[in-house]
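In this text, all values refer to a predicted model and were calculated from it rather than measured experimentally. Counting convention: from 1, in listed order, for ligands and their atoms alike.
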Amino acid sequence: MAHRRALRNERWIDMEETEKKEKKIILSGIQPTGIFTLGNYIGAVKNWKKMQDEYNCAYFIADLHSLTIRQDPAALRKQSLNAFALLLACGIDPEKSLIFIQSHVQTHAELCWVLSCCSQFGELSRMTQFKDKSAKHADNVNAGLFTYPALMAADILLYQADLVPVGIDQKQHLEFTRDIATRFNNVYGNTFKLPEPFIPKAGAKVASLQDPTKKMSKSDENANASIFILDEPNVIINKFKRAVTDSEKEVCFREGKDGINNLMTIYSAVTGKTMEQIELEFAGRGYGDFKLAVGEAVAEELRPIREDFKRYSEDKAYLEQVYRKGAQTAAAISARTMAKVKKKVGLLAL
Ligand code: AQP
């Protein structure tokens with residue numbers, strides 16, 4: 001099969017000090033809570049692909065994080081494998097980037113425990129995601145939801161990441177990671193690199209097509225609110241036709257036009273056109289023409305991903321080979337940090 005290649009992960013395995021200095025380390029994860037949306041794609045994965053040549057990238061399926069919300073076990077297993085295949089289909093190349101499934105690498109849970117013991121109840125209680133999610137899932141306000149930032153800190157600090165691409169919603173968690181790393185380094189001596197937030201040049205927040213004041217989300221109950229990256233072209237076009245806009249007729253990016261602003265942001269992200277070019281292109285034409293153009297452009301952008309996903313997901317042996325290799329490499333790299341941490345906090349070596 002065309003996508004089958006020898007897997008070396010060379011850049012990561014042989015990453016000696018020299019290369020480490022040349023290329024910064026980027027780390028990011030995505031939860032396997034469903035098929036990725038156009039928001040996940042434009043806001044994260046599309047950029048992840050672009051960053052592979054310039055940086056040493058580590059990308060993972062954050063399945064441990066997704067346990068903070070109640071999951072159906074069989075569905076979660078399937079979603080994790082699908083999410084992994086989706087990363088490959090979106091152009092994440094296992095020869096350039098380290099890709100793995102979080103729960104396959106035990107150091108994540110292990111460091112999370114140590115960092116939980118360095119986290120204060122007060123600072124965790126101030127996390128807005130905890131407040132939002134505990135309000136949304138009032139019947140399951142579990143300890144994992146509360147200590148989620150400690151796991152995210154472990155994910156980042158294990159790989160000594162320089163940069164972490166974050167949306168505004170995750171900024172507070174990255175600040176927490178920096179605080180906890182600083183605290184640990186002050187008490188035990190220099191152990192962790194302090195990660196910086198990374199805002200990619202072409203990163204955009206994509207809003208729900210049905211309520212443009214909300215972000216587009218995998219878990220939105222309204223199927224018309226989100227474009228899933230495996231949606232068929234006719235489904236995509238119909239969802240855009242139904243997108244909520246306003247009662248005016250002018251395609252222009254302006255405060256108060258949340259629906260049109262969102263569609264322009266999406267169109268710009270997939271075509272590379274500026275807002276001015278888009279305004280000119282649709283001057284004097286109605287919203288109908290514009291919505292159709294956005295739908296067609298998105299369907300075309302996602303077409304190769306849908307096709308590649310089909311090929312990857314049919315080749316379970318290849319997927320297993322890639323995630324096994326990724327887990328081995330991630331375990332070897334993260335073990336270096338974990339060994340340092342254990343020694344510093346006083347855990348007896350085996
Ligand atoms: N609407 C969005 N616009 C831009 N970026 C987005 N991201 C998510 N939604 C949008 C970015 O995608 C990356 C992975 O997100 P995640 O799966 O770890 O969690 P999430 O942000 O909670 O994504 P969802 O789709 O909303 O999932 P559910 O419904 O399960 O909560 C992140 O970089 C995120 O910023």
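- Between Phe184 and Phe192, the ring center distance clears the sub-6.0 Å criterion.
- Ion pairing of Glu307 with Arg303 is present here, as a side-chain N (NZ or NE/NH1/NH2) and a carboxylate O approach within less than 4.0 Å.
- With a heavy-atom cut-off of 4.0 Å, Ser217 touches ligand 1 through backbone and side chain alike.
- Applying the 4.0 Å criterion to heavy atoms of Met216 picks out, from ligand 1, the atoms 1 (N), 2 (C), 9 (N).
- Atom NZ of Lys310 has 12 or fewer neighbouring heavy atoms from other residues, nucleotides or ligands inside a 6.0 Å radius.
- Atom 18 (O) of ligand 1 has as its closest protein heavy atom Gln31 N, 3.3 Å.
- Interatomic distance, CG of Leu174 versus CD of Glu196, reported as 8.5 Å (0.5 Å rounding).
- Numbered from 1 in the order shown, with element, the atoms of ligand 1 that lie under 4.0 Å from a heavy atom of Val206 read 1 (N), 2 (C), 3 (N), 4 (C).
- Between Phe198 and Tyr55, a ring centre-to-centre spacing shorter than 6.0 Å is recorded.
- When Asn47, Asn40, Asn262 are ranked by how near their heavy atoms come to atom 7 (N) of ligand 1, first place goes to Asn40.
- In the vicinity of Gly43, heavy-atom distances shorter than 4.0 Å reach the ligand 1 atoms 4 (C), 5 (N).
- A centroid separation of less than 6.0 Å is found between the aromatic rings of His108 and Tyr159.
- Of all heavy-atom pairs spanning Thr329 and Leu98, the tightest one is CB-CD1, 3.7 Å.
- There is a protein heavy atom closer than 4.0 angstrom to atom 10 (C) of ligand 1.
- Looking only at protein heavy atoms, the nearest one to atom 29 (O) of ligand 1 is Ser219 OG, 2.5 Å.
- Residue nearest to atom 25 (O) of ligand 1, selected from Lys218, Lys215, Lys214, Lys46: Lys218 (by heavy-atom distance).
- Checked against the 6.0 Å centroid criterion, the rings of Phe121 and Phe146 qualify as a close aromatic pair.
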Practice prompt. Apply ring-ring contact (aromatic ring centres under 6.0 Å, His included) to the pair Phe282 and Tyr267, showing each step before the final yes or no.
Written response: CA-CA 12 Å; Phe282 294 97; Tyr267 193 60; 5.8 Å; yes

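- In this structure, atom 14 (C) of ligand 1 lies nearest to the protein heavy atom Ile30 CG1, 3.5 Å.
- Protein heavy atom nearest atom 5 (N) of ligand 1, with residue, atom name and distance: Gly39 O, 3.2 Å.
- Heavy-atom contacts of Lys205 reach the following atoms of ligand 1: 3 (N), 4 (C), 5 (N), 6 (C), 35 (O) (cutoff under 4.0 Å).
- The option from Ala44, Ser226, Ser208 that lies nearest to atom 33 (O) of ligand 1, judged by heavy atoms, is Ala44.
- Remark: distances from the non-hydrogen atoms of Gln170 to ligand 1 are all 4.0 Å or more.
- Heavy atoms of Thr33 found under 4.0 angstrom from ligand 1 belong exclusively to the side chain.
- Two rings, from Phe130 and Phe176, have their centers 6.0 Å or more apart.
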